[in-house]
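Shown next, in C-alpha cells, is the structure this report addresses.
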Amino acid sequence: MRLNRRTALGLGTMATAGTVLGAGSPASAASPASAAEAAPTTPARAARRVASVFATQSAEAGGNWQACVSVADPSGVPVVAVTADADRRIEAYSVNKIAVATAVLDKVDRGLLTLDQQVEVSAAIVVPGGDGIFSLDGAYPSRVTLGHVLANLLTVSDDTAVRLCGLVAPAAEINAILVAKGFPNTQVEPVANPNRFFLGTSTPRETHDLLRALVAGTLLSPASTTYLLGILRSPVAFTDGIRRTMSSDERARIATKAGWYGDARHEAGVIFDRSGAAVLTYALFADGQADPDNFGATHPAVRARAVMGPKFLAAVDRIAGVGETFRSTARRPSNGG
C-alpha cells in the first residue's frame with residue numbers, strides 16, 4: 001500500500017470513527033493544526049488532530065504505513081483517529097516482544113513461573129551481533145532471573161532475551177496463550193527447535209487491542225500489568241521515535257516498544273494522562289521508506305514518529321484518560337556510591 005491522505009485517515013474503507021471501535025464521532029479529514037492552536041478539549045477533536053499529524057508526517061516519510069490509533073473517551077468507547085490498513089497481517093518484528101512477555105507473565109500469573117527464577121545464558125544461546133546487552137557480556141555461561149530477561153527484552157530489545165524466554169515458554173505455548181486471549185494474528189513463528197522462534201506477525205489492530213487490554217487490566221494480573229508497563233515507561237525504554245524530543249516527565253507518560261528489521265520500522269504503545277490513566281493507544285507499522293540500512297534516529301519513518309510523538313501528546317493533553325491509573329515510578333539518577 002502506497003500511503004496517501006485518504007488511506008491514512010481511513011477514507012474509502014472505514015471512513016468514520018465509529019466504524020472500528022463503535023465511536024459516534026468522525027475522526028478523519030482535518031486541516032493540519034497550527035503550532036499555536038490550543039490543545040483540543042474533546043476526544044473527537046483530539047482524534048482529528050492526531051489524524052492530521054499522522055497523515056502529514058507519514059506522507060512526508062513515504063513508503064508504506066499500516067496503523068491503528070485511538071483516543072480514550074470517558075463517556076464511552078474510544079474514538080478512532082487512524083485506521084490505515086489496520087487489519088493487514090504483517091511481520092511485527094520486535095513489537096511482538098510485548099506479546100512474548102505477555103505469554104511469559106501469563107505463566108507467572110498462573111504460578112508456573114516466577115520472576116526470580118533463573119535461566120542459563122550459555123554461549124550457544126547468545127545471538128551473535130544481535131541487539132541488546134547479552135551479546136556484549138563476553139563471559140558465559142552465566143545465570144540471570146526471568147525478571148532480568150524481560151527487562152532487557154522490552155527496553156534495549158535484546159535478541160538473546162527472546163531465546164531465553166523460549167526456554168520457559170516454547171513457541172507453541174506462546175501462540176496458544178495469545179489465541180486464548182483473543183489475538184490469533186499475533187503469533188510467533190516456530191522453527192525446528194521448539195524453544196526458539198522468529199518474532200512473527202500481528203496486525204496494527206491486534207497490537208492496538210492488546211495494549212488496550214493491558215491497560216484495562218484484562219490481559220494480565222494487576223501485578224504483572226504494573227510490572228510490564230513499568231518497563232515500557234522506563235527512561236531506558238525506546239527513545240528514538242515517539243519519545244525522542246520530550247522531557248523526562250513527558251517520556252514517563254508513554255509506554256512504548258519499537259521493532260526494526262530489514263526496511264521495517266515499527267512502534268506501538270500507550271500515552272497516559274497526567275494522572276496515569278491511558279488516553280491514547282497507537283500501533284504504527286512502516287516499511288518501504290528510503291535508507292533501509294539506517295537503523296538510527298534519522299531514518300525517515302523513525303524521524304516521522306519523533307515528530308508525531310510530541311504532537312500526539314499535545315493533542316490529548318486536555319483529555320482525561322480512562323480506567324485504572326498507573327503512576328510512573330520516580331527515577332533519580334545516581335552518581336554511584
Side-chain angles (χ1 to χ4, degrees), residues 1-9 30-37 49-69 81-86 88 90-95 97-98 131 154-157 204 207-208 211 232-271 280-317:
M1 179 195 72
R2 181 69 180 178
L3 181 88
N4 56 39
R5 187 173 178 83
R6 289 182 62 80
T7 55
L9 301 181
S31 59
S34 69
E37 186 176 345
R49 178 80 62 85
V50 168
S52 178
V53 170
F54 174 82
T56 299
Q57 297 306 319
S58 56
E60 183 174 327
N64 310 308
W65 289 77
Q66 300 86 35
C68 187
V69 185
V82 179
T83 54
D85 216 5
R88 176 178 291 187
I90 54 180
E91 295 287 340
Y93 300 119
S94 288
V95 168
K97 288 175 181 174
I98 300 176
D131 287 318
L154 298 172
T155 55
V156 295
S157 202
T207 296
H208 167 277
L211 289 166
L232 294 174
R233 294 175 72 177
S234 66
V236 74
F238 187 69
T239 55
D240 268 354
I242 292 289
R243 305 202 305 173
R244 188 197 309 171
T245 54
M246 293 184 179
S247 70
S248 54
D249 286 344
E250 289 169 336
R251 287 179 174 180
R253 291 176 57 187
I254 299 174
T256 201
K257 180 73 189 76
W260 52 91
Y261 190 79
D263 69 348
R265 303 292 186 274
H266 306 330
E267 188 170 0
V270 179
I271 296 177
L280 184 146
T281 306
Y282 58 90
L284 306 170
F285 292 78
D287 60 57
Q289 289 76 28
D291 207 7
D293 295 326
N294 176 10
F295 291 93
T298 58
H299 182 278
V302 180
R303 190 164 49 204
R305 297 201 313 269
V307 176
M308 291 179 198
K311 292 181 180 292
F312 284 4
L313 186 65
V316 297
D317 202 43

Quiz item: Would you say the side chains of Lys97 and Ser157 form a donor-acceptor pair under 3.5 Å?
Solution: yes
Quiz item: Does the side chain to side chain contact (heavy atoms under 4.5 Å, CB included) test come out yes or no for Ile254 and Arg233, once each step is laid out?
Solution: CA-CA 6 Å; Ile254 299 174; Arg233 294 175 72 177; over 6 Å; no
Are [X] and [Y] side-chain neighbours, meaning at least one heavy-atom pair lies under 4.5 Å?
{"X": "Tyr282", "Y": "Ile271", "value": "yes"}
{"X": "Leu232", "Y": "Thr256", "value": "no"}
{"X": "Pro235", "Y": "Arg251", "value": "no"}

Exercise. Step by step, work out the side chain to side chain contact (heavy atoms under 4.5 Å, CB included) result for Val69 and Leu280.
Key: CA-CA 7 Å; Val69 185; Leu280 184 146; 3.9 Å; yes
[X] side chain to [Y] main-chain N or O, any donor-acceptor pair under 3.5 Å?
{"X": "Arg305", "Y": "Arg243", "result": "no"}
{"X": "His266", "Y": "Glu91", "result": "yes"}
{"X": "Arg244", "Y": "Ala306", "result": "no"}
{"X": "Gln289", "Y": "Asp287", "result": "yes"}

Atom [atom1] of [X] and atom [atom2] of [Y]: how far apart are they, to the nearest 0.5 Å?
{"X": "Glu267", "Y": "Thr207", "atom1": "CD", "atom2": "OG1", "result": "12.5 Å"}
{"X": "His208", "Y": "Thr83", "atom1": "NE2", "atom2": "OG1", "result": "10.5 Å"}
{"X": "Arg253", "Y": "Ser247", "atom1": "CZ", "atom2": "OG", "result": "9.0 Å"}
{"X": "Ser58", "Y": "Asn64", "atom1": "OG", "atom2": "CG", "result": "11.0 Å"}
{"X": "Asp240", "Y": "Trp260", "atom1": "CG", "atom2": "CH2", "result": "8.0 Å"}
{"X": "Asp293", "Y": "His299", "atom1": "CG", "atom2": "NE2", "result": "9.0 Å"}

Specify the closest pair of heavy atoms between [X] and [Y], including all atoms of both residues, with the distance to one decimal.
{"X": "Gly269", "Y": "Leu211", "value": "N-CD1, 3.5 Å"}
{"X": "Ala283", "Y": "Ala268", "value": "CA-CB, 3.9 Å"}
{"X": "Tyr93", "Y": "Ala264", "value": "CE1-CB, 3.5 Å"}
{"X": "Ala86", "Y": "Pro204", "value": "O-CD, 3.1 Å"}
{"X": "Ala61", "Y": "Pro300", "value": "CB-O, 3.6 Å"}

Quiz prompt | Candidate pair Phe285 and Val95, rule side chain to side chain contact (heavy atoms under 4.5 Å, CB included), full reasoning | solution = CA-CA 9 Å; Phe285 292 78; Val95 168; 4.3 Å; yes
Quiz item: Has Arg49 got its NZ or CZ under 6.0 Å from the middle of the six-membered ring of Phe54, at an angle within 45 degrees of the ring axis?
Solution: no
Practice problem: Quick one: do Thr155 and Ser234 satisfy side chain to side chain contact (heavy atoms under 4.5 Å, CB included)? Show the steps, please. | Solution: CA-CA 8 Å; Thr155 55; Ser234 66; 3.7 Å; yes
Quiz item: Should Asp291 and Arg303 count as an ion pair when the cut-off is N to O under 4.0 Å?
Solution: no
